[in-house]
Amino acid sequence: MTKAQDLPKAYEHQSVEGKWYQFWLSKNYFKADDSSKKPTYTVMMPPPNVTGVLHMGHALNCTLQDTLVRYKRMKGFNCLWQPGMDHAGISTQIVVEKQLASQGIKREELGREKFLEKVWQWKAQSGGMIFKQQQKLGVSVDWDRAKFTLDEDMSLAVKKVFVDLYKESLIYRGNRLVNWCPRCNTAVSDLEVKHQDQKGTLWHIKYGGLTVATTRPETMLGDTAVAVHPEDERYKKLVGKKIKLPLTNREISVIADESVDKDFGSGVVKITPAHDFNDYETAKRHNLEMISIFDNKAIVNENGGAYKGLTSIAARKKVLEDLTEMGLLIKEEPHPMSVGKCDRCEAVIEPMLSDQWFVKIKPLADKAIKVVEDGNIKFYPENWKKTYLDWLYNIKDWCISRQLWWGHRIPAWHCADCKHITVSMEDAKKCENCGSKNISQDNDVLDTWFSSWLWPMNTLGWPAETEALKKYYPTNVLVTGFDIIFFWVARMVMAGLHFKKQIPFKDVYIHGLVRDERGQKMSKSKGNVVDPLDLVNDYGTDALRFTLASFVGAGKDIRFSEDRLDGYRNFINKIWNATRFCLTALEGVELSKNIDANSLTLADKYIVHELGQTINEVTQALENYQFTEAAQKLYQFTWNEFCDWYLELSKPVLYGTDQKQKTQSGAVLVGTLERLARLLHPLIPYVTEEVYQTLRNIYPSIKNEKESICIQEYPTLSDSFLKLASKEAAFEIDVVKKVVGALRNIRGENRISPAIKIKILVQTQSTALLKILQQNDAFITSLGRLEKADYLTQLPDTKKSAVSLLTIGQERINVIVPLEGLVDFNEEIKRLNKELEKVAKDFDIVNKQLTSDNFVKHAPKEILEEKKLLLSQLTDKRQNILASLERLS
RNA sequence: GGGCGCUUAGCUCAGCGGUAGAGCGCUUGCCUUACAAGCAAGAUGUCGCAGGUUCGAUCCCUGCAGCGCCCACCA
């Protein structure tokens, strides 16, 4: 058995955390039970990238989910928190390409097969790392169910979805203008392009008799028209005429199109259909020729004539030089512009014409819109609903093919003979159209998100109608950052509704990004990245978790500051020391099994009352995803009520000689502590398990309970322990607090050393209050560090005393501290003046209100009464202070 | 160009139609037998600006300013 004195003086997270996590795992507490009769609670963890490293965003995300899951588990739910990893197409491929490049190896040299082997090797090597890191955070996920988006069964679902959508004509292949990353050598979706504002230049170039303005002169090599507004009088005559494109001397026509802004530049726009999204649309309207002038690496191709072989930047330079030489460059002016960059590699995106696969998304989006409009899926905070809907209202077809090697290969086979495409679940051996065996599989892979959008379904076995799927789908809540609402959240809703005919989750809790203390995004290049594992090492997981939970405002970004972490580390330590105190003080005391409310101290009944309030508030907060609120309430109760007041109030009993009282009050003390640990556990699992186990080690009554706090019941208001609560006791303790507060204020301001035990007088005319005071003498004496307190009904001679007037409802209490011989009166006079100022200020405010006719006429009765009482209290106080000042001077 | 959010103590942030809050920092006094990662006391705010609604606004409404984010093809 542990001896209380042997407990370490400071909480040692290093020696506690690993131990309990292993214990939890060994007991299988985190496993969801498919045969359970309990209600289910399911959360899908957003799968991190397989090559990823844990960052603060993960820490936040995991903390919130774990808090919810642990809470629900304790509430009696059969919880499934599904872990896993995403293959993360482009990201992973880039990582491995870089690895290889450092050894001087190029992907192309290796070939597809060999390269993929390397990626799998890398995955095996680094893939498990993030799991280990998550474990450090204490995540209570069902590890046995961990999934990877490229697992065989997962891939099968992806394939099925592709084939089905194709058969429904919701997937099509087409030659379209897409965002092309010349670095990654693949098409990317609109979402993967990040627009950056940059300084650019607007060059005015002479095209025959016209002048066009452009920020990208090199693209003129691919111009196939110039456009003017149909109503533009200046150019009306020219519409339909041909002009000669400089440099290439190709003939292009002048067209009229509504999209042209007459007032911009010269009102004439050059049209480059193959490298500009606007121009592409215009070209389609006018049936224009489309000339691609770049190859896959954004290098000018043979269509660029003399400029062939130049990069786009070099081509721009050369084009401008040549135009200048020819006297065709009329003007250049600074012009802000936005440049699209690859989300993954930062390379400038080039719009390019290419053959790609698309999902016709509108039919899917419509369903996803409806469920949110109808409130079947709720966003927390609600304003993200608008963001979600706006995107879906304006959604465009989703380009899902990627010219990469790492990912799900597209299940389509091209026939070399008849050009027909065979799409099927099984590897095609011949063309389904002409029967030719001269076919080859499409080289492309699918967008990563084309597998992620199935995550809530295929992790549970879909398309098979598994027991797990029936039991855990739809899931309860999705917790994620706003940055993937479009990428992932919206698409999961679409997939869920289309394929499973059910929403994937009921609630979506959106949290912000974790930024540095100046509000900057954390990034390696800025060097402001905080590694959560460093923080875990330095402060402990619990401190980090509590900090994150306290910081997470309603969908706002978090500015992370280590100062705050410091404070919460102390909080964890405080919990530990409170435990240590209880155990030491109760060493050898047998706790009563049948607590008799009549034998308890007022402090006991008060703390149980406060505990009940806290249970109520914290439960409400957690049910509504108000993590900050929950954390705040718990912090306050633990530190300000339990430690600051209750433990202090308990000392007279604990250090006293009344053994019977100790068995009674001790039981309340330990009972409250144990329930507090349970209340805190979802947020700070480690220290609470340590507390629970330490108590369990010593007290047999707890020993009979569950062997881990993880599976203990979350405290509820129906707990019979709470019957010991007393509102009256709470009121009486409040009186004690006020008296102690008043005399501590006098002590502090007069700098009377805490080592000096003083005598005080407490006077009140209220017999009820007098009784309360007398009954609580032990508390007042102990907390006030008094030699003695006398309780009187009549005001004594207070000439050489500090007096503080307390008002309790209509009643008054004078706290009188004789100062003679202790201090001179200067400090006391200062104190009084300070207080007078405060009281006078408050008095003015209230008085002003009460003397206003309007207020008296219109304000609700309760408020009026409240103010009147307040005014009379303030009046009393003022008079009292003035009288005291007079006596002292 | 559209949308969203923020502006409260030196810093990081809660809060809310009825006398302004926390943590950290700061000042003062304490090694008071749980905790100095602690205890007690204290100081600090025209709650961004201007209007409006209201008996009463930091809170609700309007406008403005500053900051941040998201979306958008304006050459």
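Throughout, a chain's letter reflects where its sequence line sits, starting with A, and its residues are numbered from 1. What you are looking at is a predicted structure, and each value in this text was computed from that prediction instead of being measured.
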- Salt bridge between A:Lys838 and A:Glu835, side-chain N to carboxylate O under 4.0 Å? no
- side-chain N/O A:Lys9 vs B:rA36 OP1/OP2, d < 4.0 Å: yes
- Integer angstrom distance from the C1' of B:rC24 to that of B:rU19: 27 Å
- Query: What is the distance from CZ of A:Phe379 to C1' of B:rG5, rounded to the nearest Å?
  - Reply: 17 Å
- Item | Protein-nucleotide distance (A:Phe560, atom CZ; B:rC24, atom P), rounded to Å | 15 Å
- Query: How many Å lie between CG on A:Leu654 and P on B:rU32, as a whole number?
  - Reply: 19 Å
- Message: From the set B:rA14, B:rC30, B:rG5, return the single nucleotide nearest to any side-chain atom of A:Asn383.
- Response: B:rG5
- Item | Whole-angstrom distance between B:rA41 and B:rG21, as gauged at atom P | 16 Å
- Task: Tell me, please, which residues at least two apart from A:Arg569 pass side-chain contact (heavy atoms from CB on, under 4.5 Å).
- Result: A:Tyr539, A:Ala543, A:Asp566
- Same-atom distance (C1') from B:rC39 to B:rU32, integer angstrom: 8 Å
- Query: Under 4.0 angstrom, heavy atoms only, what part of the nucleic acid is A:Phe843 near: base, sugar-phosphate, or nothing?
  - Reply: nothing
- Message: I'd like to check the side-chain contact (heavy atoms from CB on, under 4.5 Å) partners of A:Glu787; sequence neighbours left out, ordered by chain and number.
- Response: A:Lys757, A:Lys759
- Determine the contact category for A:Thr214: base if any of its heavy atoms lies under 4.0 Å from a base atom, sugar-phosphate if only primed atoms, P, OP1 or OP2 are that close, otherwise nothing. sugar-phosphate
- Contacts of A:Arg751 and A:Lys386 projected onto RNA chain B by closest heavy atom; the upstream (5') one is A:Lys386
- Task: Output all residues satisfying ring pair (Phe, Tyr, Trp, His ring centres under 6.0 Å) with A:Tyr280, sequence neighbours left out; order by chain, then residue number.
- Result: none
- Task: Mind checking ring pair (Phe, Tyr, Trp, His ring centres under 6.0 Å) for A:Phe581 and listing every partner two or more places apart, or none if nothing turns up?
- Result: none
- Rounded distance in Å between the P positions of B:rU12 and B:rG48: 15 Å
- Note on the structure: A:Thr628 has its side chain closest, among B:rG23, B:rA14, B:rA37, to B:rA14
- Item | Separation of atom CG in A:Leu743 from atom P in B:rG29, rounded to whole Å | 20 Å
- Query: Roughly how many Å is it from CZ in A:Phe627 to P in B:rG15, rounded to a whole number?
  - Reply: 15 Å
- Query: With A:Glu648, which residues qualify under side-chain contact (heavy atoms from CB on, under 4.5 Å), at least two apart?
  - Reply: A:Lys651, A:Leu783
- Task: Quickly work out the A:Arg569 CZ to B:rA36 C1' distance and round it to whole Å.
- Result: 12 Å
- What does A:Lys270 touch in the nucleic acid at a heavy-atom separation under 4.0 angstrom: a base, only the sugar-phosphate, or nothing? nothing
- For the pair made of CZ in A:Arg831 and C1' in B:rU28, what is the distance, rounded to whole Å? 16 Å
- Query: What is the nucleic acid contact for A:Ile271, judged by heavy atoms within less than 4.0 Å: base, sugar-phosphate only, or nothing?
  - Reply: nothing
- Item | ring pair (Phe, Tyr, Trp, His ring centres under 6.0 Å) against A:Tyr686, all qualifying residues, sequence neighbours excluded | A:Trp24
- Closest nucleotide among B:rU32, B:rU19, B:rG18 to the A:Asp842 side chain: B:rU19
- Message: Applying a 4.0 Å non-hydrogen cut-off, can you work out what A:Lys841 is touching in the nucleic acid: base, sugar-phosphate, or nothing?
- Response: nothing
- Message: Could you work out, with side-chain contact (heavy atoms from CB on, under 4.5 Å) as the rule, every residue matching A:Ala187, not counting sequence neighbours?
- Response: A:Val178, A:Trp180, A:Gln356, A:Cys399, A:Gln403
- Query: At under 4.0 Å between heavy atoms, what does A:Ala578 touch on the DNA or RNA strands: base, sugar-phosphate, or nothing?
  - Reply: base
- Using a 4.0 Å heavy-atom cut-off across all strands, classify A:Phe551 as base, sugar-phosphate, or nothing. sugar-phosphate
- C1' gap between B:rC6 and B:rC49, integer Å: 16 Å
- Message: Using the ring pair (Phe, Tyr, Trp, His ring centres under 6.0 Å) criterion, which residues pair with A:Tyr207? Sequence neighbours excluded.
- Response: none
- Sugar-phosphate only, base, or nothing, as touched by A:Lys757 at under 4.0 Å among non-hydrogen atoms: nothing
- Query: In dot-bracket notation, what is the pairing pattern of RNA chain B, taking Watson-Crick (N1-N3 plus N6-O4 or O6-N4) and G-U wobble (N1-O2 and O6-N3) contacts under 3.5 Å, with [ ] crossing and | for other strands?
  - Reply: (((((((..((((....[..)))).(((((.......))))).....(((((..]....))))))))))))....
- Residue mapping more 5' on RNA chain B - nearest nucleotide basis, A:His195 or A:Ala755: A:Ala755
- Which part of the nucleic acid, if any, lies within reach of A:Leu202 when heavy atoms closer than 4.0 Å are counted: base, sugar-phosphate only, or nothing? nothing
- Roughly how far apart, to the nearest Å, are B:rG38 and B:rG23 at atom P? 11 Å
- Query: When the distance from CZ of A:Arg559 to C1' of B:rU7 is rounded to whole Å, what number comes out?
  - Reply: 11 Å
- Message: Walk along nucleotides 38-43 of chain B from 5' to 3' and tag each nucleotide B, S or - by protein heavy-atom contact under 4.0 Å, base first, then sugar-phosphate.
- Response: SSSSS-
- How is A:Val260 classified with respect to the nucleic acid when contacts are heavy atoms under 4.0 Å: base, sugar-phosphate, or nothing? base
- Query: Does A:Trp203 have A:Arg216 sitting over its ring (NZ/CZ under 6.0 Å from centre, angle to axis within 45°)?
  - Reply: no
- Query: Is there a donor in the side chain of A:Thr272 and an acceptor in the side chain of A:Asp223, or the other way round, less than 3.5 Å apart?
  - Reply: yes
- When all nucleic acid strands are considered with a 4.0 Å heavy-atom cut-off, which category describes A:Lys194: base, sugar-phosphate, or nothing? sugar-phosphate
- Task: Could you tell me whether A:Glu587 and A:Lys662 make a salt bridge, using a distance below 4.0 angstrom between a side-chain N and a carboxylate O?
- Result: no
- Would you call A:Glu866 and A:Lys868 a salt bridge, taking side-chain N to carboxylate O under 4.0 Å as the test? no
- Query: Using the C1' atom in both, what is the distance from B:rC69 to B:rC74, to the nearest Å?
  - Reply: 22 Å
- Item | Nearest-Å distance once atom P is located in both B:rA43 and B:rU7 | 26 Å
- Task: Salt-bridge test for A:Arg831 and A:Glu828: reply yes if a basic N is under 4.0 Å from a carboxylate O, no otherwise.
- Result: yes
What's touching nucleotides 53-59 of chain B from the protein side, N or O pairs under 3.5 Å?
from	atom 1	to	atom 2	distance (Å)
B:rC55	O4'	A:Asn854	O	3.3

- Message: Over all strands shown, is A:Val269 touching base, sugar-phosphate only, or nothing at heavy-atom distances under 4.0 angstrom?
- Response: base
- Note on the structure: So the side chain to side chain donor-acceptor pair (under 3.5 Å) pairs with at least one residue in residues 841-864 of chain A (sequence neighbours excluded) are A:Gln849-A:Lys867
